[in-house]
S.K.: 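Supplied in structure tokens, the structure appears directly below.
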Amino acid sequence: MGFAVCVGNASLASMELRWVRRSKCDDAPRSIPIFISTLKKDINLEELRHLYSRCDHSCDRLSKNGSGIVDMKKLRTAISRSDVVVSVFCKPHHAVLVEDAEEETLSSSLRKQNKDESSLGDMFQDVLPLTPSNGQLVGFGRAYSDYGLTASVHDLMVLPSLQRMGIGKLIVNRITRLLTSRDICDIAALCFEHERYCLCRWHKPFFKACGFADDRMGSTTMMFTKSLEA
């Protein structure tokens with residue numbers, strides 16, 4: 001993963017600068033800096049809502065299509081009451097997003113002009129140190145706990161264009177270290193099926209690569225689905 005510059009104890013740092021590497025670089029930089037924060041004040045709720053959308057992450061598990069519009073009031077409450085939050089930022093020009101359909105219709109000359117203008121902006125951005133204030137939110141995760149026995153991990157997200165670079169594992173590891181430092185070791189993760197079984201860059205199922213395994217007691221998650229109006 002490269003080197004780390006930390007503020008505070010290495011395992012419990014509230015802010016940390018790291019470098020991550022792409023498995024395939026193509027035209028993008030092979031290594032990019034990321035800023036990891038566990039401070040709630042660094043979370044911009046509008047950016048977080050946009051990340052939910054870009055990651056197609058569901059906020060309404062009871063909806064028919066598995067997705068829903070993020071309610072800002074509920075999101076603000078959820079973040080304020082979360083016991084652990086981890087946000088990851090990178091420089092905006094390193095977050096290579098999938099082009100929209102409108103952008104695909106641009107003429108080649110206009111594309112070149114935009115690319116030249118973007119390159120000048122990128123050079124300026126490279127000079128500035130990366131912080132949450134000038135970075136783009138590209139990864140997120142949070143956890144609830146009872147401060148005694150158990151905790152659960154929720155809403156793990158990484159911008160699709162920056163996945164398979166180890167960012168998700170960094171988020172989970174930071175969450176679990178913070179929880180275990182409080183002597184909470186019964187930690188569960190609410191995840192999608194592909195996060196449980198699909199292989200990640202370490203050729204293991206993602207959460208298994210992060211130290212999780214099937215519950216020895218054989219328990220599983222069930223969701224309350226009865227209508228509140230009934």
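No experiment lies behind these values; they were computed from the predicted model shown. Below, all heavy atoms of this structure are taken into account, side chains as well, without hydrogens, waters or symmetry copies.
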S.K.: Search all heavy atoms of Pro92 against all heavy atoms of Gly135 and return the closest pair with its distance.
M.R.: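 So the two residues come closest at CD-CA, 4.4 Å.
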S.K.: Is there side-chain contact between Gln136 and Lys91, with at least one heavy-atom pair below 4.5 Å?
M.R.: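 Not in contact.
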S.K.: Which heavy atom of Met157 sits nearest to which heavy atom of Ile171, and what is that distance?
M.R.: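 The answer is O-CD1, 4.0 Å.
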S.K.: Do Thr77 side-chain atoms and Lys73 backbone N/O form a donor-acceptor pair below 3.5 Å?
M.R.: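 Yes; judged by distance alone, with no hydrogens or angles, the pair exists.
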S.K.: Identify the heavy atoms of Gly168 and Phe206 that sit nearest to each other, and give their distance.
M.R.: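 Scanning both residues completely, I find the closest heavy atoms to be C-CZ, 3.5 Å.
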S.K.: Work out which heavy atom in Arg21 is nearest to a heavy atom in Ser31; give both atom names and the distance.
M.R.: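 For Arg21 versus Ser31, the nearest heavy atoms are CG-OG, 3.2 Å.
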S.K.: Where do Lys40 and Ser82 come nearest, in terms of heavy atoms and distance?
M.R.: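 Heavy-atom minimum between the residues: NZ-O, 2.8 Å.
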S.K.: Is a side-chain donor or acceptor of Asp155 paired with a backbone partner of Gly141 at a separation under 3.5 angstrom?
M.R.: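 No, because the side chain of Asp155 does not come within donor-acceptor range (under 3.5 Å) of the backbone of Gly141.
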S.K.: State, with a plain yes or no, whether a side-chain heavy atom of Phe212 is found less than 4.5 Å away from one of Val172.
M.R.: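 Of all side-chain heavy-atom pairs linking Val172 with Phe212, at least one is under 4.5 Å.
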S.K.: Which one of Leu179, Val153, Ile184 satisfies the side chain to side chain contact (heavy atoms under 4.5 Å, CB included) criterion with Val84?
M.R.: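 That would be Leu179; it is the only one of Leu179, Val153, Ile184 passing the side chain to side chain contact (heavy atoms under 4.5 Å, CB included) with Val84.
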S.K.: Side chains of Arg142 and Tyr144: donor-acceptor distance under 3.5 Å anywhere?
M.R.: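 Yes, side-chain donor-acceptor contact under 3.5 Å.
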S.K.: Spell out, yes or no, whether Val88 and Leu45 are grouped together once hydrophobic residues are joined by side-chain heavy atoms under 4.5 Å, including indirect joins.
M.R.: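 Result: yes, single cluster for both.
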S.K.: Tell me, do Asp183 and Tyr147 make a side-chain contact under 4.5 Å, heavy atoms counted?
M.R.: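 Sidechains of Tyr147 and Asp183: no contact.
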S.K.: Tell me the closest heavy-atom pair linking Val158 and Gln163, and the distance in Å.
M.R.: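 So the two residues come closest at O-NE2, 2.9 Å.
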S.K.: Test side chain to side chain contact (heavy atoms under 4.5 Å, CB included) on Val20 and Ile167; report intermediate values, then the result.
M.R.: CA-CA 7 Å; Val20 292; Ile167 296 175; 4.3 Å; yes
S.K.: Less than 4.5 Å apart, any side-chain heavy atom of Phe140 and any of Ile43?
M.R.: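 In contact.
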S.K.: Taking the side chain as every heavy atom from C-beta outward, state whether Leu51 and Leu159 have any pair of such atoms under 4.5 Å apart.
M.R.: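 Side chain of Leu51 against side chain of Leu159, heavy atoms only: contact under 4.5 Å found.
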S.K.: Could you tell me if the side chain of His50 sits less than 4.5 Å from the side chain of Leu137, heavy atoms only?
M.R.: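 Heavy-atom side-chain distance check fails, nothing below 4.5 Å.
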S.K.: Is Cys90 close to Leu162 at the side-chain level, that is, under 4.5 Å between some pair of heavy atoms?
M.R.: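 Contact flag for Leu162/Cys90 side chains = yes.
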S.K.: Passes side chain to side chain contact (heavy atoms under 4.5 Å, CB included), Leu17 versus Phe89? Steps please.
M.R.: CA-CA 10 Å; Leu17 179 65; Phe89 304 85; over 6 Å; no
S.K.: With a 4.5 Å cut-off on side-chain heavy atoms, are Ile187 and Thr180 touching?
M.R.: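 Contact flag for Thr180/Ile187 side chains = yes.
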S.K.: Between Asn173 and Leu170, is there a donor-acceptor pair closer than 3.5 Å when you use the side chain of the first and the backbone of the second?
M.R.: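 The answer is no, because no donor-acceptor pair under 3.5 Å joins these two groups.
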S.K.: Verify whether one side chain among Ser37 and Asp42 offers a donor that lies under 3.5 Å from an acceptor in the other.
M.R.: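 Yes, Asp42 and Ser37 have a side-chain donor paired with an acceptor closer than 3.5 Å.
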